[in-house]
Protein chains: 2
Amino acid sequence: MLTVSQQKVYDFIQKFVKEHQHAPTMAEIAKGIGITSRGVVHRYVAAIAQEGLINIIPGHRRNIQLLSPSNCLPLKGRIAAGSPIEAITDNETLDIVNIFLGKNRYALKVKGDSMIEEGIFDGDIVVCEHCEDAADGKIVVALVDNQEATLKRIKYNSDHTITLIPANQKLKPMTYPEDRIAIQGIYIGLLRFEG
Amino acid sequence: MLTVSQQKVYDFIQKFVKEHQHAPTMAEIAKGIGITSRGVVHRYVAAIAQEGLINIIPGHRRNIQLLSPSNCLPLKGRIAAGSPIEAITDNETLDIVNIFLGKNRYALKVKGDSMIEEGIFDGDIVVCEHCEDAADGKIVVALVDNQEATLKRIKYNSDHTITLIPANQKLKPMTYPEDRIAIQGIYIGLLRFEG
DNA sequence: AGTATAGAGAACAAAGTGAGATCATGCAAA
DNA sequence: TTTGCATGATCTCACTTTGTTCTCTATACT
């Protein structure tokens with residue numbers, strides 16, 4: 001719940017964005033609501049962000065994003081077996097566009113059960129980001145001998161080999177010399193839906 | 001997220017392309033936005049490319065391609081253990097906004113392992129659609145005795161009872177008289193991502 | 001007294017902006 | 001083919017703007 005001043009700031013931001021197509025600076029907000037201190041504005045903006053009405057990217061200018069309900073799902077709470085839904089106090093929302101879309105991102109449909117213990121099932125869509133390097137322990141799309149592409153967890157060994165570890169007890173980790181493996185992307189997340 | 005200057009450059013490029021059918025040079029952009037340094041323009045253009053709004057072909061003149069921003073992820077193909085990525089011939093895309101957003105949709109964070117065999121893990125986000133009825137066999141958010149909300153598969157029995165079936169061998173299905181169960185929504189899909 | 005709200009303003013680090021030099025290279029004219 | 005210019009690419013320097021974090025003060029209310 002916003003205080004009176006916070007509401008004034010929020011209203012001003014909305015008006016400003018509508019007029020200018022971009023967010024105001026702290027100083028502009030301060031002037032707009034009739035105070036002089038950028039620090040105070042910052043405090044208000046942080047509070048509004050806490051309420052889930054805006055999103056801020058720390059450190060950047062004009063860093064306030066109004067969370068348009070059109071791209072956001074309300075995050076209602078936590079659900080667990082045998083307990084009521086824990087209400088989430090902040091009005092959290094999920095901006096799914098922001099989460100999954102980005103430069104060099106792409107989707108792959110999963111076939112097979114090799115990552116089933118990570119909850120990656122046959123038919124799921126994994127979202128990946130194209131890149132050629134990955135940190136140890138990440139799930140990657142790896143190309144072996146320029147032929148076989150698989151989704152596995154990667155482990156770098158000290159003897160210049162790479163082990164690709166499936167998440168399925170029935171399958172064995174495989175180790176290759178590092179020059180036989182090319183990383184095609186790293187796993188970002190997962191989508192699953194009917195149809 | 002573009003800065004104000006970057007936005008000016010992007011707007012100028014769009015206007016220029018519309019007028020001339022080809023991209024402007026760095027110098028033309030510089031003149032267009034009122035600065036003199038080509039180097040600065042290059043920095044802006046690189047930033048816009050980083051955002052994925054344009055594409056640049058390094059080294060060539062008038063090398064900027066406008067990309068249409070969208071809510072779609074390219075669906076590159078199928079990935080399976082031990083086989084190459086099956087390329088999908090059509091440039092299929094996934095409109096993730098369309099898939100998950102909709103009237104009366106909301107998200108819940110999953111706590112616990114009661115649906116683990118369906119690949120719904122602790123920490124996952126399930127997307128649900130609010131409704132009061134669900135077809136037999138669907139996964140639903142069910143409220144028991146107006147107290148406990150759980151995510152379970154639903155089964156209607158002929159004796160006016162309802163069985164809620166977890167997807168975890170360790171947990172037992174539970175059967176209730178139908179008046180003790182209220183459906184709060186049906187499961188639409190699942191999101192999982194880092195952070 | 002204790003708490004919540006509101007504001008001022010200083011100080012700092014980082015982001016953003018711009019100029020201009022320099023090099024490499026494509027492209028078209030000679 | 002060669003040459004020369006326009007252009008892209010990269011870099012450094014300087015400067016301004018802005019976000020962020022402080023501390024200090026004041027007021028209202030319980």
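Everything numeric in this text was worked out from a predicted model, so none of it was measured. The chains referred to below are lettered A, B, ... by the order of the sequence lines, with proteins before strands, and numbering in each begins at 1.
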Among [options], which is the nearest nucleotide to the side chain of [X]?
X       : options                : value
A/Val40 : D/dG19, D/dG8, C/dA8   : C/dA8
B/Arg38 : C/dG18, D/dA9, D/dT20  : D/dA9
A/Thr3  : C/dT17, C/dT5, D/dT18  : C/dT5
A/Asn63 : D/dG19, D/dT7, C/dA19  : D/dG19
B/Thr36 : C/dA19, C/dG18, C/dG7  : C/dA19
B/Arg61 : C/dT17, C/dG26, C/dG16 : C/dG26
B/Val4  : C/dG9, C/dT17, C/dA19  : C/dT17

With heavy atoms under 4.0 Å as the rule, sort B/Ser37 into base, sugar-phosphate or nothing.
base
Using a 4.0 Å heavy-atom cut-off across all strands, classify A/Arg43 as base, sugar-phosphate, or nothing.
base
Once you round it to whole Å, what is the distance between [atom2] of [N] and [atom1] of [X]?
X       : N      : atom1 : atom2 : value
A/Glu28 : D/dT17 : CD    : P     : 12 Å
A/Ile33 : C/dA6  : CD1   : C1'   : 10 Å
B/Met26 : C/dA19 : CE    : C1'   : 17 Å
A/Ile57 : C/dG16 : CD1   : P     : 10 Å
A/Ile35 : C/dT5  : CD1   : C1'   : 12 Å
B/Gln7  : C/dG16 : CD    : C1'   : 15 Å
B/Ile48 : C/dT17 : CD1   : P     : 11 Å
A/His42 : C/dG7  : NE2   : P     : 17 Å

Run the salt-bridge test on B/Glu28 and B/Arg62 with the 4.0 Å N-O cut-off and return the result as yes or no.
yes
Short side-chain N/O contact from [X] to OP1 or OP2 of [N], under 4.0 Å:
X       : N      : value
A/Ser5  : C/dA6  : yes
B/Tyr44 : C/dG18 : yes
B/His60 : C/dC27 : yes

Is a side-chain donor or acceptor of A/His20 paired with a backbone partner of A/Phe16 at a separation under 3.5 angstrom?
yes
Is the side chain of B/Asn63 donor-acceptor paired with the backbone N or O of B/Ile57 at a distance under 3.5 Å, no angle test?
yes
Can you work out whether B/Gly39 or A/Pro24 has the more 5'-proximal nearest nucleotide on DNA chain D?
B/Gly39
If you pin A/Arg62 and B/Ile56 to their nearest nucleotides in DNA chain D, which one's is more 5'?
B/Ile56
So for atom CG, which belongs to A/Asn104, do other residues, nucleotides or ligands contribute more than 12 heavy atoms lying within a distance under 6.0 Å?
yes
Counting only heavy atoms not in B/Gln50, do more than 12 sit closer than 6.0 Å to its CD atom?
no
Hey, can you tell me if B/Phe121 and A/Phe121 have their rings parallel, tilted or perpendicular (30° and 60° cut-offs)?
perpendicular
